[in-house]
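A short write-up of the structure that comes next.
Heavy atoms only: backbone and side chains are in, while hydrogens, waters and symmetry mates are out. When a ligand or atom number is given, it counts from 1 through the structure's own listing order.
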Amino acid sequence: MPNDVSRRDFARLAGLAALGTGGATATAQERPVTNEPAAPGRHFPHDFVWGTATSSYQIEGAARADGRGPSIWDVFTHAPGHIEDGSTGDVACDHYHRYKDDVGLIKELGCKAYRFSIAWPRLFPDGGSTPNPKGLDFYNRLVDELLANGIAPYATLYHWDLPQALQERLGGWRSAETAKAFADYAGYVAEHLSDRVKTIFTVNECGRFIPFGYGLGIDAPGLKLPQGEVNQARHHVALAHGLAVQAIRARGRAGTQVGMAENITACVPAIDTPENIRAAEIATRELNAGFLNVILEGRYTDAFLAWAGKDAPKFTADELKIISAPVDFVGLNIYAPQAYVVASDNAPGFQALPMPSSFPHMSSPWLLVGPEIAYWVPRFAAKIWDLKTIYITENGTSSDDKVSPDGKIHDLDRVMYLRNYLAQLQRATAEGVPVKGYFLWSLMDNFEWVFGYRQRFGVYHVDFDTQARTPKLSASFYRHVIEKNALLA
Ligand code: NOJ
């Protein structure tokens, strides 16, 4: 916009003022779900699971309540200089005490599923084998409340809050012993909750917490290890996943569904020619070789081992067998495109193009806008690994949404983002890609890790002084989609 033309002038000149852009009459937040039929061909499958997602450290608070032990994130946030706004998850959304009201919010959206995570240090405060029954009680109460409201609980076992004791005793994921401790914890959860929790995710986003926590020192536990040790730590997480699958099968109810939720490296053909589509498929397999592919294929790819060279993880054939224990589904967290790909003559057959600095992003600079990943990523994953059930375990965006003088939150950027990503996801399901459900991240604003409370991802706004929750425009949008099981236009 030229400097000498103000935003208001620009709107007037463009004829927008006459359209009443500033006029606050009835907003979509107040309007009931429209009776308008969805456009033909815009529906999701009839049994599609609509949900929303959160994680323990990001929402629960009550960091010392009822015998909970410290996690690596408690220690990390309390050390100065790690979190942008100097905050911690000590109180967060105080969900530990307000869970009943929060279940009410999920219900208001019309969600029939809720993905939450269990805090390992609530159940095993020192990471050992002595359980803390009061910790389990909280999740019993939460699960019962969800079920009483017709919402299916989907539980994640590890969303980054490792018991601090395991970091101190074993070096956290640097040790295979942590993988064994995780399996014991997973078995315990399965034994006590799988009568009501039918779907369990082992670990969330290994592709984030290992490089950021062990390589870059950005996330807890804040280590900057050489690449070989990072690769070894990732291998231990894959092992933990496999051991947990076995433990859940051994100790949980028959039929308990088990998988992982991973921030798959999202590859897209730069221009969708058959050659580039093939190249993006190859890239999806290779750029996810260190975790998803070894789990789903039972081996590290040749290209991955060649790339890692002397830094490749050390592993045994037995470990690969455990790691690749069959899963019931794969959960994919999708936010930003990571590689726009073209075909290449060089093995293994793809080139990722550099991203221009002007590529559009949401309010979080890392969150590049690429709705097409919601189509390509599940399509490639289903093809490469012959998957029968995929969940989009997270998708959503931050927004600089503010409470307007009228008390409402007009997060139009989030609505734009969701509309576009869901349109691409709908296209995938219409073509038969087996995506069975979608969990919007996030139910409410919460502790966004190193960004503290400054990046808001919720469809409910949280006032962290009063803990008041207020639905944003996007909550209304999502409710419409769920109600219609479709995009309207
Ligand atoms: C993925 C992580 O699982 C979640 O904890 C985080 O808040 C969102 N991405 C948004 O960054």
Side-chain angles (χ1 to χ4, degrees), residues 51-61 71-74 76-77 82-85 87-89 92-93 95 114-120 154-162 200-213 216 218-220 237 241 259-266 288 291-292 330-338 361-370 373-374 377 391-401 411 413-414 417-418 421 438-462 464 474:
T52 176
T54 62
S55 88
S56 46
Y57 190 71
Q58 293 180 273
I59 66 164
E60 284 179 0
S71 78
I72 54 172
W73 272 93
D74 293 290
F76 190 71
T77 54
H82 288 147
I83 309 300
E84 253 186 39
D85 60 0
S87 63
T88 71
C93 304
H95 171 76
Y114 174 53
R115 176 175 173 247
F116 61 96
S117 81
I118 295 173
W120 185 351
Y154 285 59
T156 304
L157 297 176
Y158 187 75
H159 204 123
W160 311 355
D161 40 2
L162 187 81
I200 300 181
F201 303 92
T202 54
V203 294
N204 176 73
E205 293 205 354
C206 174
R208 156 90 189 238
F209 70 83
I210 287 298
F212 279 56
L216 301 168
I218 292 173
D219 283 353
V237 177
H241 157 84
M260 77 304 274
E262 182 59 1
N263 55 331
I264 182 170
T265 300
N288 292 288
F291 192 70
L292 274 182
V330 167
L332 303 174
N333 293 0
I334 52 168
Y335 288 90
Q338 274 136 321
H361 62 79
M362 303 302 291
S363 89
S364 304
W366 63 267
L367 216 176
L368 305 182
V369 187
I373 65 171
V377 170
Y391 292 110
I392 301 302
T393 29
E394 285 184 32
N395 173 240
T397 181
S398 57
S399 158
D400 292 340
D401 47 40
D411 56 339
D413 51 351
R414 180 174 287 107
Y417 176 100
L418 294 173
Y421 277 67
Y438 173 91
F439 294 82
L440 196 162
W441 186 275
S442 182
L443 172 64
M444 58 188 156
D445 297 336
N446 57 48
F447 177 77
E448 179 56 17
W449 309 111
V450 293
F451 302 108
Y453 296 96
R454 284 199 188 138
Q455 292 195 5
R456 293 175 173 269
F457 275 79
V459 293
Y460 284 89
H461 178 272
V462 176
F464 290 102
S474 55

request  = Please say whether W441 places an N or O atom under 3.5 Å from an N or O atom belonging to ligand 1.
outcome  = yes

ask   = Considering only protein heavy atoms, which is closest to atom 10 (C) of ligand 1, and at what distance to one decimal place?
value = E448 OE2, 3.2 Å

note = side chain to side chain contact (heavy atoms under 4.5 Å, CB included) with N395: of L418, I373, L332, only one passes, and it is L418

ask   = Is the closest heavy-atom distance from H159 to ligand 1 below 4.0 Å?
value = yes

key: D445 versus C93, closest heavy-atom pair with distance   = O-SG, 3.1 Å

key: W366: numbered ligand 1 atoms lying under 4.0 Å from its heavy atoms   = 11 (O)

task = Within a distance under 4.0 Å of any heavy atom of Y335, pick out the atoms of ligand 1 and give their elements.
result = 1 (C), 8 (C), 9 (N), 10 (C)

query = Going by the angle between their ring planes, with limits at 30° and 60°, are Y335 and W366 parallel, tilted or perpendicular?
reply = perpendicular

task = Measure from NZ or CZ of R454 to the centre of the six-membered ring of F451 and say whether it is under 6.0 Å with the direction within 45° of the ring axis.
result = no

Contacting atoms of ligand 1, where contact means under 4.0 angstrom from a heavy atom of N204 = 3 (O)

key: Ring geometry between W449 and F447 (parallel below 30°, tilted from 30 to 60°, perpendicular above 60°)   = perpendicular

ask   = Is E394 touching ligand 1 with its side chain, its backbone, both, or neither, if touching means heavy atoms under 4.0 Å apart?
value = side chain

request  = Drop me the distance from W73's CH2 to Q58's CD, to the nearest 0.5 angstrom.
outcome  = 8.5 Å

